[in-house]
Protein chains: 2
Amino acid sequence: MSTAPAPRREIPDATVARLPVYLRVLRTLLADGVDVVSSEELAEAAGVRSAGLRRDLSYLGSYGVRGVGYDVARLADEIARELGLTQDRFVAIVGMGNLGHALAAYSGFATRGFEVRWLVDNDPAIVGTQIAERCVVALEELTRQDPDGLIVVIATPPAQAQDVADAVVAMGVRSILNFAPCVLTVPDGVEVRKVDLATELQILAFHEQRGRDDLREVNP
Amino acid sequence: MSTAPAPRREIPDATVARLPVYLRVLRTLLADGVDVVSSEELAEAAGVRSAGLRRDLSYLGSYGVRGVGYDVARLADEIARELGLTQDRFVAIVGMGNLGHALAAYSGFATRGFEVRWLVDNDPAIVGTQIAERCVVALEELTRQDPDGLIVVIATPPAQAQDVADAVVAMGVRSILNFAPCVLTVPDGVEVRKVDLATELQILAFHEQRGRDDLREVNP
DNA sequence: CGATGTGAAACGGTTCACAGCT
DNA sequence: AGCTGTGAACCGTTTCACATCG
């Protein structure tokens, strides 16, 4: 028996993807001692249009003051709350190759509210060693942990990525960031985001080529 | 005097962003000895809908055979050509911290048609050393190179990213992949794509939280 | 017959322009 | 007077459904 649909504000995916950028800019402003900002200024700093910014923020509620602007601290808090960042979140990085190794040492996670709590690899020669002051464990070990709110970063070769995904989904993980250049298949309710470095370069290569062709048209 | 507009097919950005995925899948199929594939099968392997896949491919031209499917080798070639991958492309990685170091050693670039040709850092202690069998040079040195078709990967701390961008834009670079968590301002005609790891985690955190809330509604 | 290629409808997101509030 | 919040128009993309053709 399904009741009325949840009255929760449905925030568009495109907006969600921009909230982290706004948050980062707001925190920079805060550090600079700015305490009120207009949609125009914030949009400029975030690289978006002011109308779009106001639309995005309107999904969170009315936190601006007409004729004045937005309270920087207040808005930062609201966005952080909406993103679920009021509680610290934990990250497990699976695959201690070049990339996993660098991610383990990357300071950008900790400074933005994420604690890298587990480093995982299945190579017996690596399990038990220390990387970035953290002990590397086997996947088996990770799957015994509490999956609640845990984000798993997959940095294995593509051939093993699906197996890792299956294993962590089975333990209850519902958020995966995939660096392996392959498509992951997961059940509904599990969110996968992918970062494919070669794909990004290929997209740039396309525009690079198109740009050159355009120049030829004008100036053959 | 401008003549008739170029008859070039205008490929939507959304399609361009998927072409690299199709290409990767097609090359896997090729390696497995598959030589014909239907839109249904290819879409499944690429994680998209078959109708969308057919629409995407239609922008490249009619390379399918009705009642049969697509020739794998032919289609892979067409996509590679469209992406400008028939010529090898060069990459410069600027910033030899953790991330830059890992990217320099990452084999995923070379295997997908990109040669990492320059490693750049401005720390005198690092310039001149070898990383992944390549000598690290100063930014100054990079700016004397031919920018044509060069893609610059920025992996510096955010405070230096804009300066690096300005310098490489000035030398004529028109494609930048930015790993620094900040907004880059560049002139028209320069393409910037960004990869922000913490942002990806924050987007996942949002869905993670929403998922938990949804569970509570059903099962409080 | 079977799978492609594509009009047409549906959708989600962006932009415009201004009403509404401080 | 000034800036936010938003209805409405607009635009790009996705999906449907089927005519088309090998």
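Naming convention: chains lettered A, B, ... in sequence-line order (proteins, then strands); numbering from 1 in each chain.
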How would you summarise protein contacts on nucleotides 15-22 of chain D per nucleotide, using B for base, S for sugar-phosphate only and - for none, with heavy-atom distances below 4.0 Å? B-B-BBBB
How many Å lie between CG on A/L57 and P on D/dT4, as a whole number? 9 Å
Are B/R174 and A/E208 ion-paired here, with the side-chain N under 4.0 Å from a carboxylate O? yes
Flag for B/S175-B/E191: side-chain donor and acceptor within less than 3.5 Å: no
How close do B/P20 and A/I203 get, counting heavy atoms only, and between which atoms? CG-CG1, 4.2 Å
Is there a donor in the side chain of A/T86 and an acceptor in the side chain of A/R81, or the other way round, less than 3.5 Å apart? no
Contact check, side chains of A/V94 and A/L119, non-hydrogen atoms, under 4.5 Å: no
OP1 or OP2 of D/dC3 under 4.0 Å from side-chain N/O of A/S39: no
Is atom CD of A/E40 surrounded by more than 12 heavy atoms (other residues, nucleotides or ligands) closer than 6.0 Å? no
Closest heavy-atom pair, A/D196 versus A/P181, reported as atoms and distance to 0.1 Å, is OD2-CB, 3.8 Å
Which whole-number value in Å describes the distance from A/L75 CG to D/dT4 C1'? 12 Å
To the nearest angstrom, the CD1-P distance between B/I11 and D/dT14 comes to 14 Å
Would you say that B/L29 contacts B/V25 through its side chain, given a criterion of any heavy-atom pair below 4.5 Å between the two side chains? yes
Start and end of the DNA chain C segment that chain B contacts, any atom under 4.0 Å from a heavy atom: C/dG2 to C/dA8
Rounded to whole Å, please give me the gap between CD in A/E40 and C1' in D/dG5. 15 Å
Whole-Å distance, B/D56 CG to D/dT13 C1', equals 10 Å
